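Quick note: numbers below take in every heavy atom, side chains included, and nothing from hydrogens, waters or symmetry partners. Here the structure is a predicted model, which is why all the values come from computation and not from measurement.
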Amino acid sequence: MLVLPTPAPTFGGVRLRAFGPRDVGMVQDLSTDPYTPLTGTLVADATAAQAHEWIDRQHERLVTGAGYSFCVADAADDRALGQVGLWLADIEHGRATAGYGVAPTERGRGVAARALTALTAFAWTIPELHRIELFIEPWNVASTRTAENAGYEREGLLRSRQVIGGRRVDMLLYSAIRPSIATMRMLRARQQQGRPAPDTLARKHRP
């Protein structure tokens, strides 16, 4: 069984914490995005009961060892903003995948990139992990911008990789590679200050 980290990962005014009943409204808001139900278990236009069931499933990810599902919350008032996850199906090979979603009413403020930055810093505390991958449809410019702003590097296009919405689609592959110990210390200090890595360092190490 996995356990959420303490203290909670934070970066740039967002905090990654466990989901709770108070987050039902945000989950319902998230379910109004037509793309979200195609890529996960949250149904479209979820009722309050369905939102509660989805939250329960996020807790089950820890119990089964599937990975970490965090509520992205405002660090100042604890308001739920979205969800970010780290999935460990390939941890025996040193790999994990990440995913993120921000409620439609909370978009346009860089929440996803800040949440992904916090998640990535937490991920490097897992000794077995050396590589994090993101899979993004080519049309999703907002998501590719999020990945790049969080320091992920585009590696290529995977043609006909998976089925989304009943059709096979191409996916862009982005990745972050575990940085050196010295770099991790510097990045951890900057994270505590809510500051991004210098651009030249981010380009070199893509933490």
Between [X] and [Y], what is the shortest heavy-atom contact and its length?
{"X": "Ala103", "Y": "Leu30", "value": "N-CD1, 3.9 Å"}
{"X": "Trp124", "Y": "Arg178", "value": "O-NH1, 2.9 Å"}
{"X": "Ala73", "Y": "Leu81", "value": "C-CD1, 4.0 Å"}
{"X": "Ala51", "Y": "Val24", "value": "CB-CG1, 3.8 Å"}
{"X": "Ser175", "Y": "Glu155", "value": "OG-OE2, 2.5 Å"}
{"X": "Val43", "Y": "Ser31", "value": "O-CB, 3.2 Å"}

**Study point:** For Tyr68, the option from Leu62, Leu16, Val3 that meets side chain to side chain contact (heavy atoms under 4.5 Å, CB included)
**Key:** Leu62

**Study point:** Worked check of side chain to side chain donor-acceptor pair (under 3.5 Å) between Thr41 and Arg57
**Key:** CA-CA 9 Å; Thr41 65; Arg57 288 195 293 276; 3.1 Å; yes

Check your understanding: Are Asp74 and Arg109 ion-paired here, with the side-chain N under 4.0 Å from a carboxylate O?
Key -> no

Practice item. Salt-bridge test for Glu137 and Arg167: reply yes if a basic N is under 4.0 Å from a carboxylate O, no otherwise. Key: yes

Check whether [X] reaches the backbone of [Y] with its side chain - one donor and one acceptor, N or O, closer than 3.5 Å.
{"X": "Arg17", "Y": "Asp78", "result": "yes"}
{"X": "Arg168", "Y": "Arg161", "result": "yes"}
{"X": "Tyr100", "Y": "Ser143", "result": "yes"}
{"X": "His59", "Y": "Ala18", "result": "no"}
{"X": "Glu133", "Y": "Thr97", "result": "no"}
{"X": "Asp170", "Y": "Ser160", "result": "yes"}
{"X": "Asp23", "Y": "Gly20", "result": "yes"}
{"X": "Thr146", "Y": "Ala142", "result": "yes"}
{"X": "Arg114", "Y": "Gly12", "result": "yes"}

**Study point:** Test log, rule side chain to side chain contact (heavy atoms under 4.5 Å, CB included), inputs Glu106 and Met26
**Key:** CA-CA 9 Å; Glu106 302 292 349; Met26 184 282 292; 5.8 Å; no

Under 4.5 Å between side-chain heavy atoms, counting indirect links through other Ile/Leu/Val/Met/Phe/Trp/Tyr residues: same cluster for [X] and [Y] or not?
{"X": "Ile126", "Y": "Val84", "value": "yes"}
{"X": "Ile91", "Y": "Leu4", "value": "yes"}
{"X": "Leu172", "Y": "Phe135", "value": "no"}
{"X": "Val169", "Y": "Leu173", "value": "yes"}
{"X": "Ile136", "Y": "Leu38", "value": "no"}

Once rounded to the nearest 0.5 Å, what's the spacing between atom [atom1] of [X] and atom [atom2] of [Y]?
{"X": "Asp45", "Y": "Gln28", "atom1": "CG", "atom2": "CD", "value": "9.5 Å"}
{"X": "Gln58", "Y": "Asp56", "atom1": "CD", "atom2": "CG", "value": "9.5 Å"}
{"X": "Ser69", "Y": "Ile55", "atom1": "OG", "atom2": "CD1", "value": "10.0 Å"}
{"X": "Leu86", "Y": "Thr120", "atom1": "CG", "atom2": "OG1", "value": "8.0 Å"}
{"X": "Arg61", "Y": "Phe19", "atom1": "CZ", "atom2": "CZ", "value": "10.5 Å"}
{"X": "Met171", "Y": "Leu134", "atom1": "CE", "atom2": "CG", "value": "10.0 Å"}

Exercise for review: Under the side chain to side chain contact (heavy atoms under 4.5 Å, CB included) rule, what do Val72 and Val102 come out as? Steps first, then yes or no, please.
Suggested key: CA-CA 8 Å; Val72 181; Val102 174; over 6 Å; no

[X] vs [Y] side-chain heavy atoms within contact, under 4.5 Å:
{"X": "Thr125", "Y": "Pro5", "value": "no"}
{"X": "Pro9", "Y": "Leu119", "value": "no"}
{"X": "Arg15", "Y": "Phe70", "value": "no"}

Exercise for review: Report, as yes or no, whether the 6.0 Å neighbourhood of atom CZ on Arg159 holds more than 12 heavy atoms from other residues, nucleotides or ligands.
Suggested key: no

